[in-house]
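What you see is a predicted model; the values in this text were computed from it and never measured. Just so you know, ligand 1 is whichever comes first in the structure, and atom 1 is the first atom listed for that ligand.
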Amino acid sequence: LEHGELCLHFQPQFAIDDRRLIGAEALLRWQHPELGMVSPNEFIPIAEESGLILPIGEWALRLAVRQMRAWQDAGLSLQSMAVNLSAVQFRQSNLTQVVSRILDEEGMPAQFLELELTESVAMDNPLAAIETMDKLRTRGVRMSIDDFGTGYSSMSYLKRFRVHKLKIDRSFVADLAADPDDEAIVTATISLAHALGLQTVAEGVESEAQLTFLRGKGCDEAQGYLFSKPLPAAQFEAFARASSLLL
Ligand code: C2E
Ligand code: MG
Ligand code: MG
């Protein structure tokens, strides 16, 4: 963070029915001078252990909100900027104040921000999670459950989590159109979400066959290499302009 070696890449998210670009997920990148690009899967767990995830996470949140504001000012019609929250951040007692201050200072309405939590983060201390989710929701921020289906989720808590979307983990999406069990799990997840009034996003969509399956089951949104890898900000902007011309 001090050396300016962290940056954010942005992965486009699409509405499945009309292939319209609707938002972005901000993903951390560490460009190390000797090690090259270090994966967030490697450095985020270490940052969590050391507590450094708090300043890093706050930095990422602010930058993502600032970028979203800049893109809206530049005329891109994006509806949401999704930012991943780590367990340590989510347990921070003043999280709502931190998020609120960043939105105020960057001049962005709360409804454009979506915070992603993994199932295990939410289930770690479900009652505290419900309280935090309620506060964020009251502030107007949307939340989604990331990597849904890979953790230990309790249906009774899912009902009480005030989230907006379930993100279907890419391990289930990967074998769609090949593995009947994964097809059953994805189909059931979409029905469950819709029955609870939640939207669904499929992660890691890489093929037209997967997209066709998801469309057939009524999945709302998709992101994945089929559309685009996560991109640096300038490339995301060019991608967004090009995709709006195609409509
Ligand atoms: P995630 O939030 O589930 O992000 C999705 C991951 O899947 C990203 O990996 C993305 O690059 C990758 N991906 C997207 N589409 C495809 C596809 O079609 N095929 C395949 N094979 N992969 C795809 P990435 O960027 O390496 O991030 C890994 C994880 O690190 C994220 O998983 C998230 O849990 C965590 N992470 C990233 N940025 C942040 C952050 O700012 N804060 C926190 N707390 N965690 C972050
Ligand atoms: Mg995510
Ligand atoms: Mg995920």
Side-chain angles (χ1 to χ4, degrees), residues 1 5-14 16 23-31 36-68 80-92 95 98-99 102 113-122 124 142-151 153 163-177 186 189 200-211 214 219 221-233 235-236 239:
L1 195 55
E5 290 168 10
L6 296 177
C7 70
L8 288 179
H9 282 188
F10 300 90
Q11 187 172 37
Q13 298 179 318
F14 284 78
I16 289 187
E25 177 175 3
L27 293 157
L28 262 172
R29 295 290 178 261
W30 180 9
Q31 185 68 64
M37 202 65 109
V38 184
S39 160
N41 288 321
E42 282 183 61
F43 72 81
I44 286 173
I46 300 169
E48 288 197 309
E49 272 169 42
S50 64
L52 275 174
I53 193 66
L54 290 178
I56 291 174
E58 189 170 334
W59 174 86
L61 180 62
R62 183 179 291 277
L63 189 66
V65 166
R66 184 174 295 169
Q67 184 62 72
M68 179 68 171
S80 72
M81 173 63 78
V83 180
N84 294 281
L85 276 193
S86 87
V88 179
Q89 282 178 286
F90 194 63
R91 263 188 253 121
Q92 213 184 344
L95 177 67
V98 170
V99 171
I102 289 176
L113 178 63
E114 184 180 306
L115 296 175
E116 297 192 0
L117 302 170
T118 60
E119 262 178 329
S120 47
V121 169
D124 177 49
R142 293 175 171 191
M143 271 154 295
S144 57
I145 304 275
D146 204 354
D147 306 342
F148 185 78
T150 60
S153 55
V163 299
H164 184 70
K165 281 181 194 169
L166 298 186
K167 295 194 76 175
I168 303 168
D169 190 66
R170 71 180 146 89
S171 60
F172 303 116
V173 174
D175 288 330
L176 286 183
V186 169
T189 304
T200 46
V201 191
E203 304 185 300
V205 177
E206 295 184 354
S207 72
E208 286 292 342
Q210 292 163 349
L211 187 67
L214 292 160
C219 184
E221 297 168 14
Q223 67 183 95
Y225 298 166
L226 174 63
F227 301 100
S228 168
K229 294 200 167 185
L231 301 169
Q235 276 169 257
F236 180 95
F239 178 92

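- The pair Glu114-Lys167 fails the salt-bridge criterion, with no side-chain N (NZ, NE, NH1 or NH2) lying under 4.0 Å from an Asp/Glu carboxylate O.
- The two residues Gln92 and Val98 come nearest to each other via the heavy atoms NE2-CG2, 3.9 Å.
- Nearest heavy-atom pair, Gln67 versus Ala233, reported as atom, atom and distance to 0.1 Å: OE1-CB, 3.4 Å.
- Near ligand 1, heavy-atom contacts under 4.0 Å come from Gln11, Glu25, Leu27, Leu28, Arg29, Pro40, Asn41, Ile44, Asn84, Leu85, Ser86, Glu116, Asp146, Asp147, Arg170, Glu203, Gly204, Val205, Glu206, Gly224, Tyr225, Pro230.
- Residues Gln13 and Gln223 bring a donor and an acceptor atom of their side chains to less than 3.5 Å of each other.
- Annotation: salt bridge (charged side-chain N to carboxylate O under 4.0 Å, His left out) contacts of Asp175 (sequence neighbours excluded): none.
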For residues 41-54, dump all side-chain donor-acceptor pairs below 3.5 Å to protein atoms at least two apart in sequence or in another chain.
unit_1, atom_1, unit_2, atom_2, d
Glu48, OE2, Ser86, OG, 3.1
Glu48, OE2, Ala87, N, 3.2
Ser50, OG, Ile46, O, 3.2
Ser50, OG, Ala47, O, 3.2
Ser50, OG, Leu52, N, 3.3

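- Neighbouring protein atoms of the Mg ion (ligand 2) (N, O or S, distance under 2.8 Å, waters ignored): Glu25 OE2, Asn84 OD1, Glu116 OE1, Asp146 OD2.
- Contact between Phe14 and Phe239 at its shortest, heavy atoms only, is CZ-CE2, 3.7 Å.
- Side-chain contact between Glu119 and Thr150: present, with at least one pair of heavy atoms (C-beta onward) separated by less than 4.5 Å.
- When every heavy atom of Ala202 is checked against every heavy atom of Leu214, the shortest pair comes out as CB-CD1, 3.5 Å.
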